[in-house]
Amino acid sequence: MTDTYDIAIIGAGPGGYVAAIRASQLGMKAALVEKDQVGGTCLNRGCVPTKALLRSAEAWSLAQSAAEYGVQLTGATVDWAQIQKRKEQVVSRLRKGVESLLKKNQVTLVQGTATLLSPASLRVQKADGATETLSARHILIASGARAKTLLGVTIDEERVLSSTGALELDHIPASLVVIGAGAVGVEFACLFQTLGSKVTLLEALPQVLPAEDAEVAEELAKSLKRQRIRVEVGARVEKVETDEQGVRVAFTTAAGKAETVAAEKLLMAVGRGPATDGLGLEAAGVKTDRGFIPVNGHMQTNVPSIYAIGDCVPTLQLAHVASAEGIVAVEHMAGLNPRPLNYDHMPRAVYSRPEVASVGLTEAQAREKGHAVRTAKFPFMACSKAVILGEREGFVKLVVSEAYDALLGVQIIGPGATELIGEAVLALRQEFTAEEFSRAVRPHPTLSEAVMEAAHAAAGMPIHY
Ligand code: NAD
């Protein structure tokens, strides 16, 4: 039997489920096909569980320094089983929320693995062996990504972990080597170092978080080292060996010295590749480029009835980007002619300690693009709220065009960075000048004052620094 829909969506992650809800809001009959649980990587194995674990690490950290705040604690210990239990509760609560939203919006959830049959139909293979064919005027592929590894190194989730395995560990490893200092690498390095592991972080490029501003990366590296994480940038991994004891990673340092580090576990955090194999893309005539599905500004593939969004298309691999792409795709299908996304205005947020967040161009990118720019910085140590919180590391940096005083980019490292970046997103989107950004008065005492002060600094006149 064939069921007919206005839209069939493959993958119920933050791209797919958001698209399904918007489709239903626009009066489309929507089917959402998922082989696992709703919420995708983000909710089940990514953003949400990691941040839940990091919240526990933060609680432990605060407990350790409680005496400084005048709170005497004795016998405080880390209870990993309870940390994991709380993580599961957070995930399950949010997953139930998504499930009920899908019901409320009358989205048909089809459990199984989808394969495209044509530009307007797909087959779903169920766990019990049954199959179902769906036909749809539009198909949206939101199949996500999976962890990459290095040539010759197998992720066994025992000794060599992906982020999925690292989230499920039944104990805190005594020692951990992390290969790759992108978002995944630095977040897990901070998490396990805080909870007592001895962590080594190896990064091939010359800075941690290579996509971020160089000064921000330097500040983060300094802080990671203060936390006693061994950080090696410019490191070339030569060999990975596993045995009963754990792993041994041979690498060459930036200075050309051969070294070996042994650890109980290895986390592979060298990026994620598109999960597009086995989707039947050839059968439907959808072109790919190194596994990614190229799309136009409305997220349409080379086959006009088939759209693709999220980690399987060659744009930023971030949950909020996937959701925004899903909305654009569905609105375009509905004939609404939405504006394509401006990827220069997409925020990035890394939940390291301290946090890092940014939007727009870094100083180097702005100069590369030929802008004459000036930069302004305001340190959190000069912000009352940061001092009150006891979190004085980091700064807010603005990249401003010399000619028009236009805000081109905002980078934040420090307390609340991932929340504060929201106001910078609005400012860039509304094309604020640095002066306009400085005249919007923020409440005192808050961390947002540091953002305002950075804008005053762009005119050479910060008040508190
Ligand atoms: P990434 O691409 O951001 O970082 C991978 C890092 O590994 C890079 O710094 C790269 O230079 C390094 N690397 C690659 N090969 C290496 C080698 N042989 N030796 C040493 N280092 C090597 O990927 P990721 O951190 O795995 O994250 C995957 C995706 O998920 C990214 O797009 C990321 O932005 C996203 N993500 C985002 C968040 C967040 O927003 N907070 C959290 C986790 C993941």
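Note that the coordinates shown come from a computational prediction; the quantities given were computed from them, not determined experimentally. All ligand and atom numbering here is 1-based and tracks the order in the structure. Numbering of residues begins at 1 and proceeds along the displayed sequence. What's counted below: heavy atoms across the whole structure, side chains too, no hydrogens, waters or symmetry copies.
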message: For ligand 1 and Ala235, I'd like to know whether there is a polar contact (N/O to N/O, distance under 3.5 Å).
response: no

Heavy-atom side-chain contact between Cys312 and Phe292 under 4.5 Å: no

- request: For Leu202, counting its heavy atoms only, list the atoms of ligand 1 lying under 4.0 Å from any of them.
  value: 20 (C), 21 (N)

- request: Give the atoms of ligand 1, by number and element, whose distance to some non-hydrogen atom of Pro210 is under 4.0 Å.
  value: 9 (O)

field: Smallest separation among heavy atoms of Val328 and Gly297, with atom names
entry: CG1-O, 3.8 Å

- line: among protein heavy atoms, the one nearest atom 39 (C) of ligand 1 is Ala349 O, 3.1 Å

Ligand 1 atoms in contact with Val184 (distance to a heavy atom under 4.0 Å): 24 (P), 25 (O), 26 (O), 27 (O), 43 (C), 44 (C)

task: Quick one: pull up CG in Asp79 and CD in Gln84 and give me the separation to the nearest 0.5 Å.
output: 10.5 Å

field: atom 35 (C) of ligand 1 - nearest protein heavy atom and its distance
entry: Gln317 O, 3.4 Å

query: If you measure from each non-hydrogen atom of Ala183 to ligand 1, which part falls under 4.0 Å: side chain, backbone, both or neither?
result: both

- prompt: Would Arg55 and Glu58 pass as an ion pair if we require N to O under 4.0 Å?
  reply: yes

message: Taking Leu167's backbone N and O only, do any of them form a donor-acceptor pair with Lys87's side chain (distance below 3.5 Å, no angle check)?
response: yes

task: Mark up the atoms of ligand 1 that fall under 4.0 Å of a heavy atom belonging to Leu318, in ascending order.
output: 34 (O), 37 (C), 40 (O)

- prompt: atom 6 (C) of ligand 1: which of Ala357, Gly271, Ala269 has the nearest heavy atom?
  reply: Ala269

- request: Flag the pair Val286 / Ile293 as yes when at least one side-chain heavy-atom distance between them is below 4.5 Å, and no otherwise.
  value: yes

- request: Kindly confirm or rule out an N or O of Arg272 lying under 3.5 angstrom from an N or O of ligand 1.
  value: no

- request: Look at atom 7 (O) of ligand 1 and say which protein heavy atom is nearest, naming residue and atom and giving the distance to 0.1 Å.
  value: Gly180 CA, 3.2 Å

message: With a heavy-atom distance limit of 4.0 Å, tell me whether Arg236 approaches ligand 1 through its side chain, its backbone, both, or neither.
response: neither

task: Heavy-atom distances under 4.0 Å are what count here, so tell me which part of Ala211 touches ligand 1: side chain, backbone, both or neither.
output: neither

field: Arg353 and Glu187: CA distance, side-chain angles, deciding distance, salt bridge (charged side-chain N to carboxylate O under 4.0 Å, His left out) verdict
entry: CA-CA 8 Å; Arg353 193 177 145 208; Glu187 288 180 4; over 6 Å; no

query: Should Ala204 be counted as touching ligand 1, given the test is an N or O pair under 3.5 Å?
result: yes

task: From the options Val313, Ile309, Leu281, Ile9, select the one residue that forms a side-chain contact (heavy atoms from CB on, under 4.5 Å) with Ile141.
output: Leu281

message: Suppose I only count heavy atoms of Tyr351 and a 4.0 Å limit; which atoms of ligand 1 are within that range?
response: 41 (N)

message: I want to check something: taking the side chain as every heavy atom from C-beta on, are Arg45 and Asp36 in contact at a cut-off of under 4.5 Å?
response: yes

Protein contact to atom 16 (C) of ligand 1 [nearest heavy atom, distance to 0.1 Å]: Val270 CG1, 3.6 Å

field: Side-chain heavy atoms of Leu266 within contact of Val240, under 4.5 Å
entry: yes

- prompt: Hey, does Glu203 come in under 3.5 Å of ligand 1, counting only N/O atoms on both sides?
  reply: yes

Residue pair Gly280 / Leu116: nearest heavy atoms and the distance that separates them: O-CB, 3.6 Å

query: atom 19 (N) of ligand 1: which protein heavy atom is closest, and how many Å away?
result: Ile179 CG2, 3.5 Å

- request: Say whether Glu157 and Ser162, considering side chains only, have a donor N or O and an acceptor N or O under 3.5 Å apart.
  value: yes

query: Which of the atoms in ligand 1, numbered in the order shown and given with their element, are less than 4.0 Å from a heavy-atom of Leu205?
result: 11 (O)

Element-labelled atoms of ligand 1 that are located less than 4.0 Å from some non-hydrogen atom of Leu150: 18 (N)

- request: Run the numbers for me: atoms of ligand 1, each under 4.0 Å from some heavy atom of Gly182, listed by number.
  value: 3 (O), 4 (O), 6 (C), 9 (O), 25 (O)

- request: Return the minimal non-hydrogen interatomic distance between Thr41 and Ala145, and the atom names on each side.
  value: OG1-O, 4.4 Å

